[in-house]
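Here the structure comes first, spelled out in structure tokens, and everything after it is commentary.
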Amino acid sequence: MEKIKMTTPLVEMDGDEMTRILWKMIKEQLLAPFVDLKTEYYDLGLACRNETNDQVTVDSANATKKYGVAVKCATITPNAARVEEYDLKEMWKSPNGTIRAILDGTVFRTPIKVKGIEPCVKNWKKPITIARHAYGDVYKNVEIKIPGAGKAELVFTAADGTKTKETIFEFEGSGVVQGQHNVDASIESFARSCFNYALDIKQDLWFATKDTISKKYDHTFKDIFQEIYDAEYKERFEKAGITYFYTLIDDAVARVMKSAGGFIWACKNYDGDVMSDMISSACGSLAMMTSVLVSPEGYYEYEAAHGTVQRHYYNHLKGEETSTNSVATIFAWTGALRKRGELDGLADLQQFADNLEKACVETIESGRMTKDLALITDLEHPTVLSSEGFIRAIREQLQKKYE
């Protein structure tokens, strides 16, 4: 077949460990034979980030602003052990956090529904999308270990020198203190991204925090959402036949467990991190979840919701066969290609993205899958495939759509 043309490049952000291996397989087996792939490549592998003092991460985010659409492989956020393992200059920050801060976006994560991989919560008939705020809170925290007795204070010094002070705690012994922050502009972007996304996919939007306990911090989120909704989105939501409502996060958890799904649940940064993992695990696997960062300006960055699959990578290095689920990484590519096709008016590129996703689902539903899915499937006698074998099976299914 003649390869499908692209007119504008995608920003391609390569990653680490086992997902980097899968990334190469996906490009060679599932993309290059069908699409005249155009990308602007950035290596976000830990070695390159260390070599460039993490400038490559900043450059990739700025390139996303230029081209509008990016696709990202999973990357390592180093801890002390990783600093030693990779001989790093310093403990570099999360590349996801850096990119999210530059793009000022919201992360939307949705389970991939496949027959035979049923949610643990039996009444979830439709996927639940988690909208995660992508700036601040615990991910930008400042911490102090308290050595002994003394008073910890929260102090804000205004530009004119005026000080506002609150006592955090009077310690009688050792302990720890953590400071968090957020900014109204980022919360406003978060709100607008959520409202716009809800209108795009025609689904109800929930937002939940703990404003009864955090009467200033969390309450600010609640107030900003409500003000923007009332001023800019209420009539549009009513016209679209969808709703927005706020509730406490503990109430939201109870409602979610009893719901049938099919809505967007907006959460603060850490809440969204945890709840997206809960939703994805309950639906089968972190590798069965889409993830897209959407900014109010219309920038899109598609990625896998999971990590670099470190254990499988070490097995791979020893020459052992792995059975690593590549679906989320494939769907990162399809999401980016579909959006690129949508923005550039390329119907055949959009159709290719649809066909590749269908090929993934059909492969699994035919009983051919990776080990993580074989352990939880309702299908009888599934065939467990290796990492590469699974991608080849998807290639066979995709090829049929172009014969």
Side-chain angles (χ1 to χ4, degrees), residues 46 49-50 53-54 57-58 75-102 104 106-107 132-191 207-226 246-253 266-278 307:
L46 193 49
R49 279 185 276 144
N50 188 61
N53 296 324
D54 212 27
T57 305
V58 175
T75 47
I76 294 170
T77 299
N79 55 18
R82 295 295 205 165
V83 170
E84 182 176 350
E85 179 184 357
Y86 281 85
D87 192 23
L88 302 180
K89 300 173 186 175
E90 62 179 81
M91 197 180 297
W92 302 109
K93 295 179 180 178
S94 161
N96 288 341
T98 298
I99 293 166
R100 289 166 189 164
I102 292 172
D104 192 23
T106 296
V107 179
R132 174 187 171 188
H133 188 209
Y135 175 79
D137 300 347
V138 71
Y139 300 89
K140 290 283 186 180
N141 78 81
V142 177
E143 301 172 322
I144 301 174
K145 292 200 74 171
I146 304 301
K151 181 164 67 173
E153 295 179 313
L154 188 64
V155 181
F156 171 72
T157 305
D160 63 3
T162 306
K163 293 184 184 292
T164 304
K165 185 186 300 183
E166 293 283 349
T167 298
I168 298 172
F169 190 68
E170 296 205 15
F171 286 86
E172 295 181 358
S174 59
V176 66
V177 171
Q178 181 183 84
Q180 298 184 29
H181 81 281
N182 224 293
V183 294
D184 287 359
S186 181
I187 302 169
E188 290 164 4
S189 293
F190 174 37
F207 179 48
T209 69
K210 193 68 172 177
D211 66 289
T212 52
I213 301 299
S214 180
K215 299 181 187 299
K216 293 180 181 177
Y217 199 104
D218 282 22
H219 215 298
T220 296
F221 280 80
K222 175 186 177 182
D223 291 343
I224 287 175
F225 261 74
Q226 194 64 51
Y246 172 84
T247 188
L248 290 171
I249 192 160
D250 40 349
D251 177 55
V253 170
C267 297
K268 287 169 54 193
N269 207 345
Y270 178 75
D271 296 338
D273 192 0
V274 174
M275 295 306 172
S276 65
D277 282 0
M278 182 270 287

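This chain uses plain numbering: 1 for the first residue, then up along the sequence.
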- Spell out, as yes or no, whether a donor-acceptor pair under 3.5 Å connects the side chain of S276 to the backbone of D273. yes
- Message: Under a 3.5 Å cutoff, is there a donor and acceptor pairing between the side chains of H181 and Y135?
- Response: yes
- Which is it for K268 and D218 under the salt bridge (Lys or Arg N to Asp or Glu O under 4.0 Å) test, yes or no, and what are the steps along the way? CA-CA 9 Å; K268 287 169 54 193; D218 282 22; 2.5 Å; yes
- Item | Step-by-step side-chain contact (heavy atoms from CB on, under 4.5 Å) determination, V177 to F171 | CA-CA 10 Å; V177 171; F171 286 86; 3.6 Å; yes
- Query: Taking C-beta and beyond as the side chain, do R132 and N269 meet within less than 4.5 Å on heavy atoms?
  - Reply: yes
- Look only at the side chain of N50 and the backbone of L88, and say whether a donor-acceptor pair between them is shorter than 3.5 Å. no
- Which atom names give the shortest non-hydrogen contact between F190 and A266, and what distance separates them? CZ-CB, 4.1 Å
- Once the angle between the rings of F225 and F207 is folded into 0 to 90°, is it parallel (under 30°), tilted (30 to 60°) or perpendicular (over 60°)? parallel
- Could you walk me through whether T75 and L46 pass the side-chain contact (heavy atoms from CB on, under 4.5 Å) check? CA-CA 7 Å; T75 47; L46 193 49; over 6 Å; no
- Message: Rounded to the nearest 0.5 Å, what separates atom CG in D211 from atom OH in Y246?
- Response: 3.5 Å
- Message: Quick one, I102 with T98, criterion side-chain contact (heavy atoms from CB on, under 4.5 Å). Give me CA distance, side-chain angles, the key distance, then yes/no.
- Response: CA-CA 6 Å; I102 292 172; T98 298; 4.0 Å; yes
- Above 12 or not: heavy atoms from other molecules or residues under 6.0 Å from CD of Q178? yes
- Residue pair S214 / T209, side-chain heavy-atom distance below 4.5 Å: no
- Are any of the side-chain heavy atoms of D54 and E90 separated by less than 4.5 Å? no
- Query: Between S94 and N96, is any side-chain donor less than 3.5 angstrom from a side-chain acceptor?
  - Reply: no
- Message: Under the criterion side-chain contact (heavy atoms from CB on, under 4.5 Å), I'd like the reasoning laid out for H133 against D271: C-alpha separation, chi angles, the key distance, then a yes or no.
- Response: CA-CA 9 Å; H133 188 209; D271 296 338; over 6 Å; no
- Message: Is there a side-chain contact between T77 and R82 in this structure, where contact means two heavy atoms from C-beta onward sitting under 4.5 Å apart?
- Response: no
- For the residue pair Y217 and F221, does the interplanar ring angle fall in the parallel (under 30°), tilted (30 to 60°) or perpendicular (over 60°) class? parallel
- Sidechain-backbone polar pair: K140 side chain, D137 backbone, donor-acceptor under 3.5 Å: no
- Considering only heavy atoms from C-beta outward, does the side chain of R49 approach that of Y86 to under 4.5 Å? no
- Item | Atom OH of Y270: over 12 foreign heavy atoms under 6.0 Å | no
- Message: The criterion is salt bridge (Lys or Arg N to Asp or Glu O under 4.0 Å); which residues satisfy it with D104, sequence neighbours excluded?
- Response: none
- Message: If you count every heavy atom of other residues, nucleotides or ligands that lies below 6.0 Å from K210 atom NZ, does the total exceed 12?
- Response: yes
- Approximate separation, where rounding is to 0.5 Å, of T157 OG1 and K163 NZ: 3.0 Å
- Within 6.0 Å of CD in E172, more than 12 heavy atoms from elsewhere: no
- Message: In the structure I gave you, are the side-chain heavy atoms of W92 and N53 within less than 4.5 Å of one another anywhere?
- Response: yes
